[in-house]
Colleague: 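First the structure, then my questions, so here it is.
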Amino acid sequence: MSKLQAPRGTRDLYPKDCAWRNFMLDAWRRVSIRNGFEEVDGPIFEHLDLYKIKSGDGIVSELFHFEDRGGRGLAIRPEFTPTLARMVAAKANALPRPIKWFCVPNLCRAERPQRGRLREFWQWNADLMGLEGATADAECIFTVVDLLQELGLEPSHVRMKISHRQTVRDILLKLGVPEEKLLGAFDLLDRRDKMEPEAFTEAASKLGMEPERVERFEQMCRFKYPCGELDQLREQTGISDLADLEQLDAQLQAFGIADWCEYDLGIVRGLAYYTGTVFEVHEASGALRAMAGGGRYDQLVELFGGPSIPAVGFGMGDVVLSEVLIDKGLMPEDVSPRPDVYLIAKSDAGAQAVTPLAAKLRLAGVHARYSYKATRNVGKLLKDAATARSRFALMLDDDATTGKAELKNMETGDQQMINIKDLQTLIAES
RNA sequence: GUGGCCAUAGCUCAGUUGGUUAGAGCACCUGGUUGUGAUCCAGGGGGUCGGGGGUUCGAGUCCCCUUGGCCACCCCA
C-alpha cells in the first residue's frame, strides 16, 4: 500500500486544491507583470554541479539527484537562482538592462517535511539585475508588498523585516568585533532567538566584545526600528553614517510602504552571497517561518561565469503563504472557475434541447454545464447548479421547442422568460 | 540524518478486561415526492482498521518492524 501513496512531502492537488494553487500563481503573475517583470522558466532538472557552485558540496544531500544513462549527475531543481544566473550569464551582453525577470517554478528539496516546509512546493522568484542602488532594492520590496496586499493582507498581519549587510558589518566593527570574526557574529545574530540568554552572552564575549558592548549588541539585534525613523537606530548603535539604509528608507517611503516595513538587524539570511540589503516577510506574531526572503547579491552572475552584474531579488513559497492566509481568514472558500450557465430540463421536450444548446454555447466560449441525471426534479437540479456555483440556470420545458426558456439568476433568485438566442448576451451583460 | 507524538469510511469520530459478517453522523451516488436552490422518503457505493511480521483457539485492540503525518533539532538556497 505504501508504494501507492504519494511520496513523503508531496501533495495531490484535487480540483479545489488545484484551483487554489492556480489562484496563487495567478496573483504572483499578475503582480509581477504590473511591476514590470517578465516571466521566464528553465528546465526542472539541471546538472548536479550547477547547484554546488553557490552552495558547495554539502548541498547534495538536500537534493533529489540521479544519473542519466551516460553517468552524468543531474538534480531536480531545489531553487531557481542558479538557473537564472546561468541564463543571464549566457546572454549577458545581448540582454537589455535592467533585466527584470520572474518565475513561478515548482521546486524539490530532500528535506524532512514539517510545518511550512514540504519536499515539493511552488516558489515565486523575481529578480532585478543590472541596476545598483536603493531604488532597485525598494522596487523588489514593493513588489512583495504589492502581492501581500493583493491577497488581502494588511500591515497588522505581516511584517517586512529589513536589514543591510554593510550596515550591520559597520556596527559590529564598531562594537569591537575583529574582521575575522564577523562571520561568527552574523551567525550569532541569526541564532539569537534559539539561544539561552547566557549562552548568547558567552558567545558574544568570545567575539571580542567588552561586556558593556555585549549588552548593547543584544539590545540592538532584538530591537525593531520603524521605517522612516532611522534616528533611533543611530542613537542605539552610535553610528551616524547610515548612507545605504538612508537611501533605502527614503525609497520605501516614496513607494508608500513604510507602514509594512521595519528594520530588524537580526535578519541575516544564512547566505554568504548577499552583499547589501536583505529582507524577510514574517507573519506578525513571528509564529511561522519566513513567508518570503531576498536581498542584494551583486556577485551572483559572476559566480556563474558571467560578467559582473548587480542584482537584487527574492523568493516566496506557497506553503507558508497559504498557512498565513488560512490563519488570517483570507483563504477564499472556493476559487474554482464558475459556470456561466447550468442547463436544466423540466420536461422531455426540454431535455431534447439541452445537448445542442450546450454544444452551441461551449463553441461560443460560454462555460455551460448540465446534469447527467434522468430526474426532472427541478429542486434537485437547481441544487446541482448551486453546488457547481453556476451564475445562471436555464430551465427548459416544452417552450424550448419555440425558442423560449426561463433564465434564473442564481445569486439574486430573479428569473424571467427569455428567448434562448438572447442567452449569451444576457449572460455577458450581467 | 536525530528525537517525541499520532494513524479505524472522503471528513469528525465510536468500537467494552482481546470474542461472531467493524459502526454512527455528515459528505457522496441513484431514484421518488409533478417538483424552483429547503424539508422528507426509499435505496446504494465505499474500510484487507496505513503496511508487514509475531503472540493467541481468536488481534482494530497486545508486541516488534516499516510507511506516512504532525512537532522540535540539523538545514533553510
Colleague: Give one of base, sugar-phosphate or nothing for A:N125, where a contact means two heavy atoms less than 4.0 Å apart.
Modeller: nothing
Colleague: Does A:G9 reach a base, just sugar-phosphate, or nothing at all? Heavy atoms under 4.0 Å.
Modeller: sugar-phosphate
Colleague: Would you say B:C74 has OP1 or OP2 under 4.0 Å from some side-chain N or O of A:R191?
Modeller: yes
Colleague: I need the residues from residues 335-358 of chain A with at least one non-hydrogen atom less than 4.0 Å from RNA chain B; give them sorted by number, or say none.
Modeller: A:K346
Colleague: Any side-chain N or O of A:R8 under 4.0 Å from OP1/OP2 of B:G68?
Modeller: yes
Colleague: Under the 6.0 Å and 45° cation-pi test, does A:R222 pair with A:F200?
Modeller: yes
Colleague: Is it true that A:R338 and A:E411 make a salt bridge, defined as a side-chain N closer than 4.0 Å to a carboxylate O?
Modeller: yes
Colleague: At 4.0 Å (heavy atoms only), tell me whether A:G413 reaches a base, stays on the sugar-phosphate, or touches nothing.
Modeller: base
Colleague: In whole Å, what is the span from the CG atom of A:D187 to the C1' atom of B:C74?
Modeller: 13 Å
Colleague: Just the rounded figure in Å: distance from P of B:A77 to CZ of A:F121.
Modeller: 10 Å
Colleague: Do A:E39 and A:S32 have side-chain atoms, one donor and one acceptor, less than 3.5 Å apart?
Modeller: no
Colleague: Can you see if the side chain of A:T375 gets near the phosphate of B:G32 - specifically, an N or O under 4.0 Å from OP1 or OP2?
Modeller: yes
Colleague: Just how far is it from atom CZ of A:F217 to atom OG of A:S205, taken to the nearest 0.5 Å?
Modeller: 11.0 Å
Colleague: So which nucleotide from B:C70, B:C75, B:U36 ends up closest to the side chain of A:Q415?
Modeller: B:U36
Colleague: Now, which nucleotide makes the Watson-Crick or G-U wobble pair with B:A7, with each of the two distances under 3.5 Å?
Modeller: B:U67
Colleague: Using the P atom on both, measure B:C28 against B:A38 and round to a whole Å.
Modeller: 11 Å
Colleague: What is the base-pairing partner of B:A42, counting Watson-Crick and G-U wobble geometry with both distances under 3.5 Å?
Modeller: B:U30
Colleague: For B:A14, which nucleotide is its Watson-Crick or G-U wobble mate, given both distances must be under 3.5 Å?
Modeller: none
Colleague: With respect to the side chain of A:A374, which nucleotide from B:G31, B:C75, B:A72 is positioned closest?
Modeller: B:G31
Colleague: In Watson-Crick or G-U wobble terms, both distances under 3.5 Å, what is the partner of B:U2?
Modeller: B:A72
Colleague: Please report the distance separating the P of B:A9 from the corresponding atom of B:G60, rounded so that it comes out in whole Å.
Modeller: 14 Å
Colleague: Considering Watson-Crick and G-U wobble pairs with both distances under 3.5 Å, what does B:G47 pair with?
Modeller: none
Colleague: Examine A:R165 relative to A:F186 and say whether NZ or CZ is less than 6.0 Å from the centre of the six-membered ring and inside a 45° cone about the ring axis.
Modeller: yes
Colleague: Looking at A:R376 and B:U34, is any side-chain donor or acceptor paired with a base atom of the opposite kind under 3.5 Å?
Modeller: no
Colleague: B:U36 P sits how many Å from A:L396 CG, rounded?
Modeller: 17 Å
Colleague: Are A:R21 and A:D318 within salt-bridge range, i.e. N to O under 4.0 Å?
Modeller: no
Colleague: Fit a plane to each ring of A:W124 and A:W28, take the angle between them on a 0 to 90° scale, and name the class: parallel (under 30°), tilted (30 to 60°) or perpendicular (over 60°).
Modeller: parallel
Colleague: Among A:L248, A:V281, A:D249, A:I141, find the residue that satisfies the side chain to side chain contact (heavy atoms under 4.5 Å, CB included) test when tested with A:C261.
Modeller: A:I141
Colleague: Rounded to the nearest Å, what distance is computed from the CD atom of residue A:E62 to the P atom of nucleotide B:C74?
Modeller: 13 Å
Colleague: For the C1' atoms, the ones on B:C13 and on B:A7, what distance do you get once it is rounded to whole angstrom?
Modeller: 13 Å
Colleague: Between atom CD in A:E111 and atom P in B:C73, what is the gap in whole Å?
Modeller: 14 Å
Colleague: Regarding B:C71, can its base be found pairing with the side chain of A:R112 as donor and acceptor, where the two atoms are less than 3.5 Å apart?
Modeller: no
Colleague: What is the minimum heavy-atom distance between A:L207 and A:A185, and which atoms define it?
Modeller: CD1-CA, 3.7 Å
Colleague: Using only modelled atom types and a 3.5 angstrom limit, is any donor from either the side chain of A:R109 or the base of B:A77 paired with an acceptor on the other?
Modeller: yes
Colleague: When the nearest nucleotide of RNA chain B is assigned to A:A110 and to A:D414 on a heavy-atom basis, which residue is associated with the more 5' position?
Modeller: A:D414
Colleague: Check this one for me: any side-chain N or O of A:K373 less than 4.0 Å away from OP1 or OP2 of B:G31?
Modeller: no
Colleague: Taking atom types as modelled and ignoring hydrogens, do the side chains of A:D414 and A:Q416 form a donor-acceptor contact shorter than 3.5 angstrom?
Modeller: no
Colleague: Without decimals, in angstroms, what is the distance between A:K54 NZ and B:C76 P?
Modeller: 10 Å
Colleague: Quick one: A:E120 CD to B:G69 P, roughly how many Å, whole number?
Modeller: 13 Å
Colleague: Sort out the partner of B:U55 for me: Watson-Crick or G-U wobble, both distances under 3.5 Å, none otherwise.
Modeller: none
Colleague: A:L148 and side chain to side chain contact (heavy atoms under 4.5 Å, CB included): which partner among A:L153, A:T143, A:V324?
Modeller: A:L153
Colleague: Specify the separation, in whole Å, of atom CZ of A:R289 and atom C1' of B:C71.
Modeller: 11 Å
Colleague: Could you walk me through whether A:E150 and A:R34 satisfy the side-chain contact (heavy atoms from CB on, under 4.5 Å) test, starting with their C-alpha distance in whole Å, then the side-chain angles of each, then the deciding distance to 0.1 Å, before giving a yes or no?
Modeller: CA-CA 12 Å; A:E150 176 76 7; A:R34 72 183 177 215; 2.8 Å; yes
Colleague: Please classify the nucleic acid contact of A:I59 as base, sugar-phosphate, or nothing, using heavy-atom distances under 4.0 Å.
Modeller: base
Colleague: Specify the residues of residues 378-391 of chain A, ordered by number, for which at least one heavy atom lies under 4.0 angstrom from an atom of RNA chain B.
Modeller: A:V378, A:G379, A:K380, A:L382, A:K383, A:A386
